[in-house]
Colleague: 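Have a look at the structure that comes next, please.
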Amino acid sequence: MSLTGEQSASVAVPAARQRRPRRSSVRHGQASCADYGCARADCRRAALRARRRRDQDRARGLPARVPPHAAARWAVRLREWGMSAQDIADRAGLSVTLVRRVLRTPTQDTTAPDIARTSADAILGIPLPHRHNPGAPGLTDSAEASWLLADLARAGWPATTLAQHLDVNPRTVAEVRDKRPRLHLDLALRIRRLHRDLINLDPAGYGIHPTDSARTRAAATRRTPPTAA
């Protein structure tokens with residue numbers, strides 16, 4: 001008796017789980033999560049949808065894998081508009097590892113490995129972030145925003161809370177605070193306003209558990225370089 005796609009995915013769980021990288025960034029609800037052996041219903045449904053799209057492409061004579069250059073150019077543009085690799089991965093439903101590999105693809109490299117057509121379409125389908133201030137320059141230096149986010153961390157505001165207020169991924173907050181050299185001007189202005197609104201408030205009065213605030217302050221202290229005596 002033949003198995004349905006959902007049944008075959010669950011049968012293959014033990015072998016597939018052995019293939020999952022130890023530091024995989026794949027999340028539940030993504031097709032590749034089921035490929036790695038996850039038996040959750042939403043992951044299996046995502047895998048089945050991806051399989052149906054591949055079958056439809058094959059029936060139309062379209063290749064299952066395509067060169068990554070068009071997706072790479074668009075991913076680079078999304079990053080220039082302030083989206084991190086994690087933001088792109090979350091929006092496209094892909095692993096951040098794949099998105100980072102696409103971002104590193106040289107423009108003229110004809111030997112770059114192909115990627116799944118569904119992955120390329122998912123990246124190409126992401127719209128540019130909305131510009132609240134379209135007349136302003138697109139990118140700006142991150143020095144001020146980095147300092148403001150670090151100041152909020154020293155005040156006990158966790159990155160997850162700041163990300164919710166800024167409508168970005170917590171990883172974006174960490175990248176702007178610690179290592180991203182430039183960011184979109186609109187995000188920089190939102191960080192400035194958020195710092196103004198929160199810096200004199202007690203996080204405990206706004207639903208932040210004291211343990212989370214203490215952990216955030218300790219991490220901020222560890223990140224702060226020692227000053228010369």
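Just the heavy atoms: all of them, side chains too, but no hydrogens, waters or symmetry mates, feed the values below.
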Colleague: If every non-hydrogen atom of Leu94 is compared with every non-hydrogen atom of Ala122, which pair is closest and at what distance?
Modeller: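 The answer is CD1-CB, 4.4 Å.
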
Colleague: Any heavy-atom pair between the side chains of Arg101 and Ile115 that's under 4.5 Å?
Modeller: yes

Colleague: Would you name the heavy atoms of Glu144 and Arg192 that are closest together and state the gap between them?
Modeller: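 Looking at all heavy atoms of both residues, the closest pair is OE1-NH2, 2.9 Å.
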
Colleague: May I ask you to test the Leu201-Leu198 pair for a side-chain heavy-atom distance under 4.5 Å?
Modeller: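 Sidechains of Leu198 and Leu201: in contact.
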
Colleague: For the backbone of Pro181 and the side chain of Ser142, can you confirm whether one donor and one acceptor N or O come within less than 3.5 Å of each other?
Modeller: yes

Colleague: With rounding to the nearest 0.5 angstrom, report the CG to CD1 distance, Asn169 to Ile88.
Modeller: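 With rounding to 0.5 Å, CG (Asn169) is 11.5 Å from CD1 (Ile88).
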
Colleague: Describe, in one word, how the ring planes of Trp157 and Tyr206 are oriented to each other, choosing from parallel (under 30°), tilted (30 to 60°) and perpendicular (over 60°).
Modeller: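 Geometry flag for Tyr206 against Trp157: tilted rings.
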
Colleague: Arg190 side chain to Leu166 main-chain N or O, any donor-acceptor pair under 3.5 Å?
Modeller: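 Yes, because the side chain of Arg190 sits within donor-acceptor range (under 3.5 Å) of the backbone of Leu166.
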
Colleague: Can you tell me if CG on Asp167 sees more than 12 non-hydrogen neighbours from other groups inside 6.0 Å?
Modeller: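 12 or below, so no.
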
Colleague: Got a second to check how far Ile126's CD1 is from Asp121's CG, nearest 0.5 Å?
Modeller: 11.5 Å

Colleague: Can you tell me how far apart CD1 (Ile199) and CZ (Arg154) are? Round to the nearest 0.5 Å.
Modeller: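 The distance works out to 8.0 Å.
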
Colleague: Give me the atom names and distance for the closest heavy-atom approach of Ser146 to Asp178.
Modeller: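 What the structure gives for the nearest pair is OG-N, 4.4 Å.
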
Colleague: Might you point out which heavy atoms bring Ala70 and Leu124 nearest each other, and give the distance in Å?
Modeller: O-CD2, 3.6 Å

Colleague: Using side-chain heavy atoms (C-beta onward) and a distance below 4.5 Å, is Glu175 in contact with Gln86?
Modeller: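 No; the side chains remain at least 4.5 Å from each other.
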
Colleague: For the atom pair CZ (Arg193) and NE2 (His165), what is the distance rounded to the nearest 0.5 Å?
Modeller: 13.5 Å

Colleague: State, to 0.1 Å, how close Ala112 and His69 come at their nearest heavy-atom pair, and which atoms those are.
Modeller: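 Closest pair (atom of Ala112, atom of His69, distance): CB-NE2, 4.3 Å.
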
Colleague: Counting only N and O atoms by type, is there a donor-acceptor contact under 3.5 Å from the side chain of Arg65 to the main-chain atoms of Asp114?
Modeller: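 Such a contact is found between Arg65 side chain and Asp114 backbone.
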
Colleague: Compare all side-chain heavy atoms of Thr172 with those of Arg180 and state whether any distance is below 4.5 angstrom.
Modeller: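 A side-chain contact exists here, since the closest heavy-atom pair is under 4.5 Å.
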
Colleague: Is the closest side-chain heavy-atom distance between Thr160 and Asp212 below 4.5 Å?
Modeller: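 A side-chain contact under 4.5 Å is absent here.
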
Colleague: Please find the pair of heavy atoms, one from Ile123 and one from Ala92, that lie closest to each other, and give the distance.
Modeller: N-CB, 4.3 Å

Colleague: Supply the atom-to-atom distance Asp151 CG to Trp147 CH2, rounded to the nearest 0.5 angstrom.
Modeller: 4.0 Å

